[in-house]
Amino acid sequence: MPDDRQYGGVILTTYKKNQSLSLKFGIYYNKEFFGNYFIPLVGIDWQINKKNNLFGVLPGNMIFEHKVNQKFYYGTSFRALTNSYRLQTTDPCFSGDCTARNYLRVDDNQLGIFADVYPFKKIVLTAETGYTILRRYGYGFKGKKKQKDAPSGKEG
């Protein structure tokens, strides 16, 4: 079906305040199954000191990273994900609109901790664990035609 695809994109600009701090601003768009999805973006890339970094673009993700030595890093992470999935309907015309489609929307917020080990210069091994908070599911129905009102039984 032609509306089973999701197209999207990001426009992001970076303002480099100084050697250790960059700020990011932008907008995200995706044609989700529940409709057009626009969200403003704000990000940071901050080398706090020689051992600590904070980087990410909200509302999508944010990471705090601590460098122990050249081969070992650890930190915390936050990710916010929105996904939508097309659902197959056994009777797509049950609403009177045969173009309608069902979808499932999942909003996820993940908190985690991680450790990175660099056994070689360009190879990293990552271990990560975490927990999902404030997960939300939404079920929706979207059609192209306006649904007709049911007859009231009254003649005018």
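Just so it is clear, the structure is predicted and the values come from calculations on it, not from any experiment. Sequence positions, counted from 1, serve as the residue numbers for this chain.
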Query raised in the report: Looking at Lys24 and Leu12, what are the two nearest heavy atoms and their distance?
Result: CB-CD1, 4.1 Å
**Report entry** Hydrophobic cluster membership, Leu23 vs Ile48, 4.5 Å side-chain cutoff
**Finding:** yes
**Report entry** Pair Tyr118 + Tyr73: ring centers closer than 6.0 Å
**Finding:** yes
Query raised in the report: Taking the inter-plane angle between the rings of Tyr37 and Tyr28 on a 0 to 90° scale, is it parallel (under 30°), tilted (30 to 60°) or perpendicular (over 60°)?
Result: perpendicular
**Report entry** Gap separating the CG atom of Asn49 from the NE2 atom of His66, nearest 0.5 angstrom
**Finding:** 8.5 Å
Query raised in the report: Between Asp108 and Arg135, which heavy-atom pair has the shortest distance, and what is it?
Result: OD1-NE, 2.8 Å
Query raised in the report: Just wondering, do Ile63 and Thr76 contact through their side chains at under 4.5 Å, heavy atoms?
Result: no
Query - Nearest non-hydrogen partners of Asn30 and Tyr7, listed with the distance - result: OD1-O, 3.0 Å
Query - For Val124 against Pro119, the heavy-atom pair lying closest together - result: CA-CD, 4.5 Å
Query raised in the report: When rounded to the nearest 0.5 angstrom, what distance separates OG1 in Thr132 from CG in Asp107?
Result: 12.0 Å
Query raised in the report: Take atom CZ in Phe38; do more than 12 heavy atoms of anything else shown fall under 6.0 Å from it?
Result: yes
Report task. Give the C-alpha distance, both sets of side-chain angles, the deciding distance and a yes or no for side chain to side chain donor-acceptor pair (under 3.5 Å) between Tyr29 and Asn36. Result -> CA-CA 7 Å; Tyr29 165 76; Asn36 291 323; 2.8 Å; yes
Report summary line: Residues at least two apart in sequence or cross-chain that pass salt bridge (charged side-chain N to carboxylate O under 4.0 Å, His left out) with Asp45, listed by chain then number, are none
Query raised in the report: Which value, rounded to the nearest 0.5 Å, describes the distance between Leu41 atom CG and Thr13 atom OG1?
Result: 12.0 Å
Query raised in the report: Which heavy-atom pair separates Pro59 from Phe78 by the least distance, and what is that distance?
Result: O-CE2, 3.9 Å
Report task. Tell me whether Val117 is reachable from Val68 by hopping between hydrophobic residues (I, L, V, M, F, W, Y) whose side-chain heavy atoms are closer than 4.5 Å. Result -> yes
**Report entry** From Leu54 atom CG to Ile44 atom CD1, the distance as rounded to the nearest 0.5 Å
**Finding:** 5.5 Å
Query - Verify same cluster id: Phe72, Leu125 (apolar side-chain graph, 4.5 Å) - result: no
Requested in this report: Test side chain to side chain contact (heavy atoms under 4.5 Å, CB included) on Val10 and Ile27 and set out the steps.
Outcome: CA-CA 6 Å; Val10 171; Ile27 190 159; over 6 Å; no
Query raised in the report: Which atom names give the shortest non-hydrogen contact between Leu58 and Met62, and what distance separates them?
Result: CG-CE, 3.6 Å
Requested in this report: Drop me the distance from Asn53's CG to Gln47's CD, to the nearest 0.5 angstrom.
Outcome: 5.5 Å
Query raised in the report: Glu128 versus Ser77: any side-chain heavy-atom pair under 4.5 Å?
Result: yes
Report task. Output the distance between atom CH2 (Trp46) and atom CZ (Phe64), rounded to the nearest 0.5 Å. Result -> 9.5 Å
Report task. Compare all side-chain heavy atoms of Tyr131 with those of Gln110 and state whether any distance is below 4.5 angstrom. Result -> no
Query raised in the report: Any side-chain donor-acceptor pair under 3.5 Å between Asp116 and Tyr74?
Result: no
Query raised in the report: If you count the non-hydrogen atoms of other residues, nucleotides and ligands that lie under 6.0 Å from CD1 in Ile11, is the total more than 12?
Result: no
